[in-house]
Amino acid sequence: MTSHLVDTLRARRGDASRLFIETADGARITYAEADRRSAQYANALVALGLRPGDRLALQVEKSVEAVFAYLGTVRAGGVFLPLNTAYTPPEVAYFLGDAQAGVFVCDPASEAVLAPIARAEGVAQVVTLGADGQGTLRAAADASRTSFADVPRGPDDLAALLYTSGTTGRSKGAMLTHDNLASNALALVDTWRFTPDDVLIHALPIFHTHGLFVAINATLAAGSSMIFLPKFDPERVIALMGRASVLMGVPTFYVRLLKSPNLTPEASSHMRLFISGSAPLLAETHREWRMRTGHAILERYGMTETGMNTSNPYEGERLAGTVGFPLPGVSLRVMSPESGEALGAGEIGMIEVKGPNVFKGYWRMPEKTAAEFHDGWFVTGDLGLIGPDGYMQIVGRGKDLVISGGYNVYPKEIETEIDALPGVVESAVIGLAHPDFGEGVTAVVVARPDATLDEKAVIDALEGRLARYKCPKRVIFVDDLPRNTMGKVQKNLLREQYKGLYGS
Ligand code: MCA
Ligand code: AMP
């Protein structure tokens, strides 16, 4: 047995002298070089004590070295746990402790703050990797051998642990196996017709499924290449379209690109595919994009727990406002919340999914895992319908979740922090239509009559406790929150009342 994920990603790639990554400053890395560099990381990590099945947590800026650290971890048989760079030290402490990470990689600039926190959580090794690719982990890799015998790992062994927040407070670690990632990468390569000649503009962060697995694993599996940008910059992306073929983005990318007068049919004529996901793409954005560029954006639907589930067709109509059809090997059904029966075409219910892409469960949460499966199907928490033509539509969420610029924000987590502030009686956090982020995180707060709280005081108090993208963009003060007869806050009424807050 060898490493199932690594072997799958290598199987079709062909000539190792081909280009894998071109960086923003023009460095060119071939597949052969990536093999050597990831071998060096694997050797360095084994020397640090990383054993098969151990978790390696990493909170670093996007860099090519971070990609090698990901590949090196998997080759060493480890479990890769990437963390959003926006997470604050208290948030990081929770993940390190819950995952019982053996190694933590952080930015050299955060080491003084994060190393003691990591040690207090029982992490044995803390090493660094900076935005410039330098640090103690890089130095250890540089000094290591360039060949490595991949640690044998089977399809069902863990390759990654990705945390997704919960509607009930604690963040849950989704356990993703080698085959979850491998099967999904192959399904995407086939569905989106990736070939070795493709050039992907990679402008997403690499600590979530979208930028890490959808983008990087699909590139690896196809043996194609990517232009690796440190972050999303619309003008840079447009300038690169002339020598690229694919863009993957969240809807905010497309909204911002449309604002540039440089987005023209000529600028995008070399591109063959624009893919959107992580949050709903407005039908209006889809239409506008088609008018401006002549391309129909291909929208797809996924989750951390499942990777990608559905995609609009490569050939055939890419229908605005839909997420298309199940990927090869994946099954979806729409269930009635009342009867628990599968619903027919056009009826709205809870989306459930089954297939090799569906995760193994939540880390150390067997009960939570059992509660989110229904006869072997994973209950997504998304509400949808399958149209008569077979296209799936996501019509809402059964879970209390706000998606801001492609990042998930769980209101419960923000409400808990706001409710703990002096002078606050209670709060409700909602998502309101936002022209840039899709949804804007908004807090509705009931303050004590004698409190001197204002909007700025609430936002300032959350700084350092919550990642910035989770902080409310606006805070509204009210006397009471609307409740139903069961005493539950009626967020739908609040969403209706404040719907124009960020403009149309
Ligand atoms: C940045 N800010 C945000 C967001 N991003 N606020 C709300 N929502 C956001 N998404 C805030 C920062 O905290 C900061 O606030 C200010 O905006 C500027 O920060 P900056 O980093 O310069 O922002 P940006 O570069 O403009 O970022 C916007 C972005 C970025 C490019 C849309 O958020 C992004 O790359 N999003 C992609 C997320 C993603 O990859 N999601 C995939 C998850 P302040 O000034 O107050 O400090 S995977 C997934 O969902 C599933 C599996 C799937 O289907 O893909
Ligand atoms: P995450 O927990 O970050 O993996 O986010 C997964 C959630 O993002 C899904 O459960 C959906 O609610 C949402 N999502 C992803 N892609 C789409 C899409 N194309 N349209 C609507 N919602 C989406």
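Counting convention: from 1, in listed order, for ligands and their atoms alike. Side chains included, hydrogens not; waters and symmetry mates left out as well; all remaining heavy atoms used. Quick note: residue numbers are just sequence positions, from 1.
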With atoms numbered from 1 as shown, which atoms in ligand 2 lie under 4.0 angstrom from a non-hydrogen atom of [X]?
| X | value |
| --- | --- |
| Thr304 | 1 (P), 2 (O), 3 (O), 4 (O) |
| Met303 | 4 (O), 6 (C), 9 (C), 10 (O) |
| Pro280 | 20 (N), 21 (C), 22 (N) |
| Glu299 | 18 (C), 19 (N), 20 (N) |
| Val323 | 19 (N) |

Angle class for the [X]/[Y] ring planes (parallel below 30°, perpendicular above 60°, tilted otherwise)?
| X | Y | result |
| --- | --- | --- |
| Phe373 | Phe378 | tilted |
| Tyr94 | Tyr163 | perpendicular |
| Tyr391 | Phe325 | tilted |

With sequence neighbours excluded, residues passing side chain to side chain donor-acceptor pair (under 3.5 Å) with [X]:
| X | result |
| --- | --- |
| Asp460 | Lys456 |
| Thr191 | none |
| Thr219 | none |

Closest protein heavy atom (residue, atom, distance) for [atom]:
| atom | result |
| --- | --- |
| atom 6 (C) of ligand 2 | Gly302 O, 3.6 Å |
| atom 1 (P) of ligand 2 | Asn408 ND2, 3.0 Å |
| atom 9 (C) of ligand 2 | Asp382 OD2, 3.3 Å |
| atom 13 (C) of ligand 2 | Ile403 CD1, 3.4 Å |
| atom 19 (N) of ligand 2 | Arg300 O, 2.7 Å |

Subject >> Sole candidate of Asn180, Thr306, Asn309 that passes side chain to side chain donor-acceptor pair (under 3.5 Å) when paired with Asn357 >> reply: Asn309
Original post:
Cationic tip of Lys172 within the cone over Tyr362's six-membered ring, i.e. under 6.0 Å and within 45° of the normal?
Top reply: yes
Original post:
Has Arg236 got its NZ or CZ under 6.0 Å from the middle of the six-membered ring of Phe232, at an angle within 45 degrees of the ring axis?
Top reply: no
Original post:
So, does Arg397 use its side chain to make a donor-acceptor pair with the main chain of Leu401 at under 3.5 Å?
Top reply: yes
Original post:
Counting N and O atoms only, with roles assigned by atom type, does the side chain of Ser245 sit under 3.5 Å from a partner on the main chain of Met271, one being a donor and the other an acceptor?
Top reply: no
Original post:
More than 12 non-hydrogen atoms from neighbouring residues, nucleotides or ligands closer than 6.0 Å to CZ on Arg465, yes or no?
Top reply: no
Original post:
For atom CD of Gln490, is the number of surrounding heavy atoms from other residues, nucleotides or ligands below 6.0 Å larger than 12?
Top reply: yes
Within the structure, does [X] bring an N/O atom to less than 3.5 angstrom of an N/O atom in ligand 2?
| X | result |
| --- | --- |
| Glu305 | no |
| Ser276 | no |
| Ser278 | yes |

Original post:
Given that the side chain starts at C-beta and the backbone is N, CA, C, O, which of these parts of His208 lies under 4.0 Å from ligand 2, counting heavy atoms, or is it both or neither?
Top reply: neither
**OP:** Specify side chain, backbone, both or neither for Ala279, according to which of its non-hydrogen atoms lie closer than 4.0 Å to ligand 2.
**Re:** backbone
N/O contact list for ligand 1, threshold under 3.5 Å:
from     : atom 1 : to     : atom 2 : distance (Å)
ligand 1 : 6 (N)  : Lys473 : NZ     : 2.8
ligand 1 : 8 (N)  : Ser404 : O      : 3.4
ligand 1 : 8 (N)  : Ser404 : OG     : 2.5
ligand 1 : 10 (N) : Ser404 : O      : 2.8
ligand 1 : 22 (O) : Lys231 : NZ     : 3.0
ligand 1 : 25 (O) : Lys231 : NZ     : 3.2
ligand 1 : 26 (O) : Arg256 : NH1    : 2.6
ligand 1 : 26 (O) : Arg256 : NH2    : 3.3
ligand 1 : 36 (N) : Gly405 : O      : 3.0
ligand 1 : 41 (N) : Gly406 : O      : 2.9
ligand 1 : 46 (O) : Arg468 : NE     : 3.4
ligand 1 : 46 (O) : Arg468 : NH2    : 2.8
ligand 1 : 47 (O) : Arg468 : NE     : 3.0
ligand 1 : 54 (O) : Arg300 : NH1    : 2.6
ligand 1 : 54 (O) : Gly302 : O      : 3.4
ligand 1 : 55 (O) : Ser278 : OG     : 2.6
ligand 1 : 55 (O) : Arg300 : NH1    : 3.3
ligand 1 : 55 (O) : Arg300 : NH2    : 2.8

